Amino acid sequence: MAFTLAIVGRPNVGKSTLFNRLVGKRIALVDDRPGVTRDRREGEGRLGDLEFSIIDTAGLEEAGSGTLEARMRAQTEEAIRLADVVIFMIDARVGLTPDDHAFANLVRRSGKPVILAANKSEGKVGMAGAYEAFGLGLGDPVPLSAEHGEGLSELYDALAAHMPAPSAEEDEPAEGEDEIDDPAKPIPVAIVGRPNAGKSTLVNALIGEERLLTGPEAGITRDAIAVDWDWGGRKFRLVDTAGLRKRARIEDKLEKLSVADALRAIRFAQVVVVCMDAEKPFEDQDLRIADLAAKEGRAVVLAFTKWDLIPHKGGKAAKLREEADHWLPQIKGCPVVANSAETGQGLDRLMQAIIDAREPWQRRVPTNQLVRWLQETVDHHPPPAVSGRRVKLRYMTQAKTRPPTFVAFCSRPDALPDSYLRYLVNGLRDSFDLMGTPIRFHLKKTDNPYAETGRKVH
């Protein structure tokens, strides 16, 4: 099991900045205001030759029972329980506060080894605050600057003292370890939708634990949080994302960062689950989100959440199927699953739908079948003549998968109308069972073998 670190402390002391520094990427949202991080975020960190799992947490705050802050604190306490070593961080420029003393006692009671990190220690003011940290009774503070990368050698020494020595098996990778089959890798799945559509609740229900913050408040999730999970013998990486509102309504800088994080999750996913509130499905923003996922070339599954709140369900699921094909013809036939995180209804069907949606998304059609299909399709319904000249389609091949991308060679690519392109794409869906997956179709002009002699191809 990987050695795990948890970074804890009160809000705005630089925990996410240090997390980004150790994982080597700017994946945790960082802002000057306190309380940006809410869910705990996990990543793979590295410092010199030390490798470890690392957990970024929400700032510890005193809060009443049942409040959002109390639920955030529970997530941080769970991170401390899971960690092998806790990095307790303070702001050296502010100095010690009563909250620092209170939360230092919380960490001390956990019984876990603690590294005291005095962040923002650059300059004389920062170093004075670092010396003040001795008063917490957590050992010698490590002065550092997560933003500027100062003090990491001292942090390395402190970590190395707690980490186990690498075994011989870890020093030398096993035979063939670099050649891991794709099926062994987790399938990245982005869970997206409007605010308060039940995305985090759905992920918690799937994995069977309260891993993500949930509640009646809209917009709780800010970071895109990845959770690894096994189902049916397959590995999945479920990525919960912030709710996506209409662009015109997004003015706050932090919300813009959250949306950018969600869009990044869509781009790196293989399957995108678009969550829609079953009581209010197919709103304009729902359709925009599904269209965005399709334009990014991701396999799409439509999940209608809060199904337990729908009375008189008879025929409702079939109606949702019809409406999905009507409103989203670009992914016609994509899986549609009604589910309820409260009752567990439809959760297994949702996971099976994710697998089913991924299969045609990565399917390759042999070229000889495509050429034969193109000839039969053109013979049945030839392209229209433009300016008295017929457009000739001669050859076709599949350029890539994920999503299926096809290239057809024709005499006049710019003259072929969009309606005929849609005819070809729909024919591909029906003939090669590519229902529900986005298809990219490109036209390329065929070379004229008589161009040098001035002869025309008729």
Side-chain angles (χ1 to χ4, degrees), residues 4-23 26-43 45 53-83 85-91 94 97-110 112 114-117 119-120 146-147 195 199-201 203-204 207 209-227 239-243 252-255 257-258 261-262:
T4 303
L5 309 177
I7 308 176
V8 304
R10 59 182 178 81
N12 213 31
V13 296
K15 299 183 295 298
S16 295
T17 304
L18 179 61
F19 176 86
N20 287 341
R21 173 73 63 178
L22 294 177
V23 300
R26 291 181 59 87
I27 58 176
L29 298 185
V30 176
D31 194 72
D32 292 335
R33 77 190 77 177
V36 171
T37 302
R38 287 177 172 173
D39 287 288
R40 67 181 192 265
R41 178 193 279 273
E42 300 176 4
S53 295
I54 186 166
I55 307 175
D56 183 27
T57 65
L60 287 163
E61 295 182 86
E62 294 289 354
S65 176
T67 63
L68 174 60
E69 288 74 16
R71 300 197 297 272
M72 292 163 59
R73 176 166 175 165
Q75 288 281 325
T76 299
E77 292 174 348
E78 177 65 11
I80 294 174
R81 187 189 69 81
L82 295 172
V85 170
V86 176
I87 298 179
F88 185 79
M89 182 175 283
I90 67 165
D91 185 336
V94 174
T97 68
D99 283 347
D100 287 323
H101 286 280
F103 298 134
N105 289 332
L106 172 67
V107 173
R108 188 183 294 109
R109 288 196 300 270
S110 72
K112 298 296 179 70
V114 180
I115 296 173
L116 177 58
N119 192 31
K120 308 179 187 179
E147 182 175 0
K199 301 179 293 297
S200 300
T201 306
V203 175
N204 285 344
I207 65 177
E209 64 175 277
E210 293 298 313
R211 171 64 179 82
L212 302 167
L213 284 176
T214 60
E217 307 93 341
I220 290 179
T221 303
R222 287 175 173 168
D223 291 90
I225 305 297
V227 180
V239 184
D240 182 35
T241 63
D252 183 73
K253 174 189 173 184
L254 183 54
E255 186 174 0
L257 293 173
S258 297
D261 216 20

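FYI, side chains are in, hydrogens and waters are out, and symmetry mates aren't considered; it's all heavy atoms of this structure. The structure displayed is predicted, hence computed values, not measured ones.
- Note that CD1 of I55 is 10.5 Å distant from CD of Q75, once rounded to the nearest 0.5 Å.
- When all heavy atoms are compared, the tightest approach of T57 to A79 is CG2-CB, 3.6 Å.
- For the atom pair OG1 (T97) and CG (D91), the distance works out to 9.5 Å, reported to the nearest 0.5 Å.
- Using modelled atom types, one side-chain atom of K112 and one backbone atom of R81 make a donor-acceptor pair closer than 3.5 Å.
- Although no hydrogens or angles enter the test, the distance criterion places no donor-acceptor pair under 3.5 Å between the side chain of D261 and the main chain of A242.
- Closest approach of L106 and R73 over heavy atoms only: CD2-NH2, 4.0 Å.
- Here the closest heavy-atom approach between residue R21 and residue E147 is recorded as NH2-O, 2.6 Å.
- Separating the CD1 atom in I80 from the CZ atom in F103 is a distance of 10.0 Å, to the nearest 0.5 Å.
- Side-chain atoms of N204 and T201 form no donor-acceptor pair, as typed in the model, at a separation below 3.5 Å.
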Worked check of salt bridge (Lys or Arg N to Asp or Glu O under 4.0 Å) between D240 and K199: CA-CA 7 Å; D240 182 35; K199 301 179 293 297; 5.8 Å; no
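- Within the 4.5 Å cutoff, side-chain heavy atoms of R10 are placed close to those of D100.
- Going from atom CG of L82 over to atom OG1 of T4 covers 7.5 Å, rounded to the nearest 0.5 Å.
- Among all heavy-atom pairs drawn from V114 and F88, the shortest one is CG1-CB, 3.9 Å.
- I54 and G45 get closest at one heavy-atom pair: CG2-N, 4.2 Å.
- For the atom pair CD1 (I115) and CE (M89), the distance works out to 10.5 Å, reported to the nearest 0.5 Å.
- Two residues are said to be in side-chain contact when any heavy atoms from C-beta on lie closer than 4.5 Å; L5 and V85 meet this criterion.
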Go through it in stages, so that I can follow the logic: the residues are M72 and T76, the test is side-chain contact (heavy atoms from CB on, under 4.5 Å), and I'd like the CA-CA distance, side-chain angles, deciding distance and then a yes or no. CA-CA 7 Å; M72 292 163 59; T76 299; 5.8 Å; no
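- Between A83 and A6, the shortest heavy-atom contact is CB-CB, 3.6 Å.
- To the nearest 0.5 Å, the span separating CG on L22 from OG1 on T17 amounts to 11.0 Å.
- Considering only heavy atoms from C-beta on, I207 comes within 4.5 Å of V227 through its side chain.
- Within the 3.5 Å criterion, the main-chain N or O of A224 finds a donor-acceptor partner in the side chain of R41.
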